[in-house]
Peer 1: 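One structure, as structure tokens, below. Some questions next.
These numbers were taken from a predicted model, which means no experiment stands behind them. Just so you know, these numbers use all the heavy atoms, side chains as well, and skip hydrogens, waters and symmetry mates.
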Amino acid sequence: GRVAEARAALLEALALAQSIGARMPEWELRYALGRWELDHGDPAAAQPHWAAARALVTEIAARLPTADLRQSFLARPDVRALLGAEAQAR
């Protein structure tokens, strides 16, 4: 049904983001997939998505040219939610 279609759409978008090296949408999609897994009763399946998303966020933040940009990026609500996602799943 629609639930399976939603997950399939996220996976398709993730594959596209990875194929073109689009790091920003990739981490956002990984976070969304983790949320999907958690919301559908599988917190263990969320963990690999969140771990990959955290690694991407760390990589993106490290490449930002100024401390102000890094702080701004890391302060985004979605980034903060991701960095707190591990605690939510426990």
Side-chain angles (χ1 to χ4, degrees):
R2 303 298 271 166
V3 172
E5 288 176 24
R7 186 173 185 275
L10 287 169
L11 289 169
E12 184 178 336
L14 175 61
L16 177 60
Q18 290 173 319
S19 74
I20 62 173
R23 302 308 235 180
M24 287 292 288
E26 182 180 349
W27 86 258
E28 293 168 325
L29 289 160
R30 289 242 180 229
Y31 176 62
L33 279 160
R35 288 293 319 167
W36 191 95
E37 297 292 359
L38 182 65
D39 292 347
H40 291 89
D42 195 351
Q47 293 304 316
H49 291 298
W50 288 339
R54 281 191 293 275
L56 288 163
V57 162
T58 300
E59 175 189 324
I60 292 164
R63 291 181 180 202
L64 292 172
T66 68
D68 286 344
L69 285 175
R70 275 188 297 284
Q71 287 177 337
S72 178
F73 174 66
L74 293 172
R76 286 176 43 167
D78 52 355
V79 173
R80 290 177 56 213
L82 167 66
L83 297 178
E86 185 174 356
Q88 292 173 356
R90 289 184 183 164

Peer 1: If you round to the nearest 0.5 Å, how far is CG of Leu82 from NE2 of His49?
Peer 2: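 Going from NE2 on His49 over to CG on Leu82, the span is 12.5 Å.
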
Peer 1: Should Leu11 and Trp36 count as side-chain neighbours, where that means a heavy-atom distance under 4.5 Å?
Peer 2: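 No, their side chains stay 4.5 Å or more apart.
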
Peer 1: Do Ser72 side-chain atoms and Leu69 backbone N/O form a donor-acceptor pair below 3.5 Å?
Peer 2: no

Peer 1: What are the two closest non-hydrogen atoms of Trp27 and Ala53, and how far apart are they?
Peer 2: O-CB, 3.6 Å

Peer 1: With clusters defined by side-chain heavy atoms of hydrophobic residues (ILVMFWY) lying less than 4.5 Å apart, directly or transitively, does Leu38 cluster with Val79?
Peer 2: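 Both belong to a single hydrophobic cluster.
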
Peer 1: For a side-chain hydrogen bond (donor to acceptor under 3.5 Å, both in side chains) with Arg23, tell me which candidate from Glu59, Glu28, Gln18 qualifies.
Peer 2: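 Going through Glu59, Glu28, Gln18 one by one, the side-chain hydrogen bond (donor to acceptor under 3.5 Å, both in side chains) with Arg23 is satisfied by Glu59 alone.
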
Peer 1: Output the distance between atom CG (Leu74) and atom CD1 (Ile60), rounded to the nearest 0.5 Å.
Peer 2: 10.0 Å

Peer 1: Tell me, please, which residues at least two apart from Asp39 pass salt bridge (Lys or Arg N to Asp or Glu O under 4.0 Å).
Peer 2: Arg35

Peer 1: Taking all non-hydrogen atoms of both residues into account, name the closest pair between Ala46 and Gly34 and its distance.
Peer 2: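 Scanning both residues, the minimum pair turns out to be CB-O, 3.2 Å.
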
Peer 1: Please assess Leu83 against Arg80 for the test side chain to side chain contact (heavy atoms under 4.5 Å, CB included), listing each intermediate value before the final yes or no.
Peer 2: CA-CA 5 Å; Leu83 297 178; Arg80 290 177 56 213; 5.8 Å; no

Peer 1: Hey, what do you get for CG (Leu29) to CG (Leu16), rounding to the nearest 0.5 Å?
Peer 2: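 One finds 9.0 Å between CG of Leu29 and CG of Leu16.
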
Peer 1: Indicate yes or no for a side-chain donor-acceptor contact from Trp50 to the backbone of Tyr31 under 3.5 Å, with no hydrogens or angles considered.
Peer 2: yes

Peer 1: Taking salt bridge (Lys or Arg N to Asp or Glu O under 4.0 Å) as the definition, give me every residue that meets it alongside Glu12, ordered by chain and number, with sequence neighbours left out.
Peer 2: none

Peer 1: Do Ile20 and Met24 land in one hydrophobic cluster if side-chain heavy atoms of ILVMFWY residues count as linked below 4.5 Å?
Peer 2: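 Ile20 and Met24: separate clusters.
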
Peer 1: Using side-chain heavy atoms (C-beta onward) and a distance below 4.5 Å, is Glu37 in contact with Gln47?
Peer 2: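 When only atoms from C-beta onward are counted, Gln47 and Glu37 do not touch, as no gap falls below 4.5 Å.
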
